[in-house]
Asks: 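Input: one structure, supplied below.
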Amino acid sequence: MSLDSLKSRLPHYAPDLRRNLDAVFGRPRLSAQQLWGTVLATAIASRSPVVLRELAPEARANLSPQAYTAAKSAAAVMAVNNVFHRTRHLLSDPGYGDLRTGLRMNVLGDPGVARVDFELWSLAVSAINACGACLDAHERVLRKAGMDRETVQEAFRIASVIQAVGVTLDAEAVLTEIE
């Protein structure tokens with residue numbers, strides 16, 4: 001179960017993913033809440049059942065109930081925001097930016113944890129979901145709050161590793177079935 005189980009499941013051709021898991025968990029620049037909230041939110045965003053099954057219990061053990069719920073909320077609200085704002089950004093007609101969104105996002109008003117932590121988790125999920133507009137918005141809030149670039153980068157380093165592990169393990173599951 002957990003991080004060791006994920007590393008042991010990785011195929012022989014992906015030793016860098018094992019090393020990268022060690023790197024992002026080994027010497028984190030983030031507080032425990034920031035780290036495990038980022039891990040949980042990005043595990044959800046990765047859409048990988050294996051990654052989520054392995055990392056969610058460890059996240060639950062390392063987060064308060066409020067932070068655990070807030071990390072799940074960050075993944076949920078960013079699933080909506082990233083598609084909506086990425087689409088607005090990609091459309092060549094800037095007039096869509098003037099229209100009311102008409103979507104509920106109450107959790108943004110009171111996420112139940114420190115605003116900076118929720119913003120960090122939202123940035124990490126936005127990295128996985130490739131929403132440039134959301135990435136810029138969350139990065140601006142984090143930098144304005146005093147977070148340095150290296151710490152912001154840590155969130156999307158975690159996101160990239162979690163996503164890569166999920167893609168690799170899910171692909172291996174399919175390849176094992178057909179080979």
Side-chain angles (χ1 to χ4, degrees), residues 1-11 14-83 107-108 111-131 134-135 137-139 141-143 145 147-173:
M1 175 169 143
S2 74
L3 187 58
D4 290 333
S5 178
L6 271 184
K7 289 192 294 189
S8 71
R9 288 173 165 225
L10 287 166
D16 289 333
L17 293 181
R18 272 189 287 286
R19 289 185 196 105
N20 288 331
L21 281 168
D22 286 338
V24 298
F25 283 94
R27 293 184 311 275
R29 296 181 58 89
L30 307 177
S31 70
Q33 177 167 295
Q34 290 170 337
L35 170 68
W36 286 103
T38 302
V39 168
L40 179 60
T42 58
I44 293 167
S46 78
R47 298 172 183 84
S48 172
V50 173
V51 168
L52 189 56
R53 273 188 210 104
E54 295 297 336
L55 294 178
E58 204 161 340
R60 184 183 292 277
N62 283 282
L63 291 169
S64 69
Q66 296 83 5
Y68 187 82
T69 298
K72 293 189 305 181
S73 295
V77 76
M78 287 299 104
V80 173
N81 280 351
N82 293 157
V83 171
V107 71
L108 299 177
V113 294
R115 169 73 49 203
V116 71
D117 292 355
F118 193 83
E119 290 288 337
L120 192 71
W121 304 338
S122 297
L123 177 126
V125 171
S126 297
I128 289 176
N129 292 334
C131 180
C134 294
L135 284 166
H138 295 296
E139 190 268 349
V141 170
L142 291 166
R143 298 284 289 138
M147 191 172 282
D148 61 34
R149 284 182 182 91
E150 291 81 7
T151 306
V152 171
Q153 179 175 282
E154 193 65 19
F156 60 88
R157 277 181 35 154
I158 293 166
S160 66
V161 173
I162 297 296
Q163 174 70 4
V165 169
V167 166
T168 302
L169 291 176
D170 291 351
E172 272 302 300

Asks: Going by heavy atoms in the side chains, are L30 and I158 under 4.5 Å from each other?
Replies: yes

Asks: Distance-only check: which donor-acceptor pairs under 3.5 Å involve side-chain atoms of residues 160-168, not counting sequence neighbours?
Replies:
{"residue": "S160", "atom": "OG", "partner": "F156", "partner atom": "O", "Å": "3.3"}
{"residue": "S160", "atom": "OG", "partner": "R157", "partner atom": "O", "Å": "2.8"}
{"residue": "T168", "atom": "OG1", "partner": "A164", "partner atom": "O", "Å": "2.8"}

Asks: Under the ring pair (Phe, Tyr, Trp, His ring centres under 6.0 Å) definition, can you give me all pairs with a residue in residues 33-75, not counting sequence neighbours?
Replies: F25-W36

Asks: Among residues at least two apart in sequence or on other chains, which ones pass side chain to side chain donor-acceptor pair (under 3.5 Å) with Q33?
Replies: D117

Asks: Among residues at least two apart in sequence or on other chains, which ones pass side chain to side chain donor-acceptor pair (under 3.5 Å) with S122?
Replies: none

Asks: Determine all donor-acceptor pairs shorter than 3.5 Å in which one atom belongs to a side chain in residues 38-49; sequence neighbours excluded.
Replies:
{"residue": "T38", "atom": "OG1", "partner": "Q34", "partner atom": "O", "Å": "2.7"}
{"residue": "T42", "atom": "OG1", "partner": "T38", "partner atom": "O", "Å": "2.7"}
{"residue": "T42", "atom": "OG1", "partner": "V39", "partner atom": "O", "Å": "3.2"}
{"residue": "S46", "atom": "OG", "partner": "A43", "partner atom": "O", "Å": "2.8"}
{"residue": "S46", "atom": "OG", "partner": "S48", "partner atom": "N", "Å": "3.3"}
{"residue": "R47", "atom": "NH1", "partner": "A45", "partner atom": "O", "Å": "3.1"}
{"residue": "S48", "atom": "OG", "partner": "V51", "partner atom": "N", "Å": "3.3"}
{"residue": "S48", "atom": "OG", "partner": "D170", "partner atom": "OD1", "Å": "3.0"}
{"residue": "S48", "atom": "OG", "partner": "D170", "partner atom": "OD2", "Å": "3.3"}

Asks: Holding to side chain to side chain contact (heavy atoms under 4.5 Å, CB included), I want the full list of residues that pass it with L142, two or more places apart in sequence or in another chain.
Replies: V116, E119, L120, L123, M147, V152

Asks: Dump the intermediate steps for side-chain contact (heavy atoms from CB on, under 4.5 Å) on E154 and R149, then the final yes or no.
Replies: CA-CA 9 Å; E154 193 65 19; R149 284 182 182 91; over 6 Å; no

Asks: I'd like to check the side chain to side chain donor-acceptor pair (under 3.5 Å) partners of Q66; sequence neighbours left out, ordered by chain and number.
Replies: S64

Asks: What residues, two or more places apart in sequence or in another chain, satisfy salt bridge (charged side-chain N to carboxylate O under 4.0 Å, His left out) together with R18?
Replies: none

Asks: Applying side chain to side chain contact (heavy atoms under 4.5 Å, CB included), name anything that partners V80, two or more places apart in sequence or on another chain.
Replies: L103

Asks: Where is the tightest heavy-atom contact between A127 and A159, given as atom of each residue plus distance?
Replies: CB-CB, 4.4 Å

Asks: The criterion is salt bridge (charged side-chain N to carboxylate O under 4.0 Å, His left out); which residues satisfy it with R19, sequence neighbours excluded?
Replies: D16

Asks: Would S2 and E54 count as having a side-chain donor-acceptor pair, cut-off 3.5 Å?
Replies: no

Asks: Testing the basics here: between V125 and A75, what is the closest heavy-atom pair and its distance to 0.1 Å?
Replies: CG2-CA, 4.1 Å

Asks: Sequence neighbours excluded, which residues qualify as side chain to side chain contact (heavy atoms under 4.5 Å, CB included) partners of V77?
Replies: N81, M105, V107, L108, F118

Asks: The criterion is salt bridge (charged side-chain N to carboxylate O under 4.0 Å, His left out); which residues satisfy it with K72, sequence neighbours excluded?
Replies: none

Asks: With heavy-atom distances below 4.5 Å as the criterion, would you say the side chains of Q153 and R29 are in contact?
Replies: no

Asks: If only side-chain N and O atoms count, and only distance matters, is there a donor-acceptor pair under 3.5 Å linking T151 with D148?
Replies: yes

Asks: If you apply the rule side-chain contact (heavy atoms from CB on, under 4.5 Å), what do you find for V113 with T69, and how did you get there?
Replies: CA-CA 9 Å; V113 294; T69 298; over 6 Å; no

Asks: Please tell me if the side chains of L6 and L169 come closer than 4.5 Å, counting only heavy atoms from C-beta onward.
Replies: yes

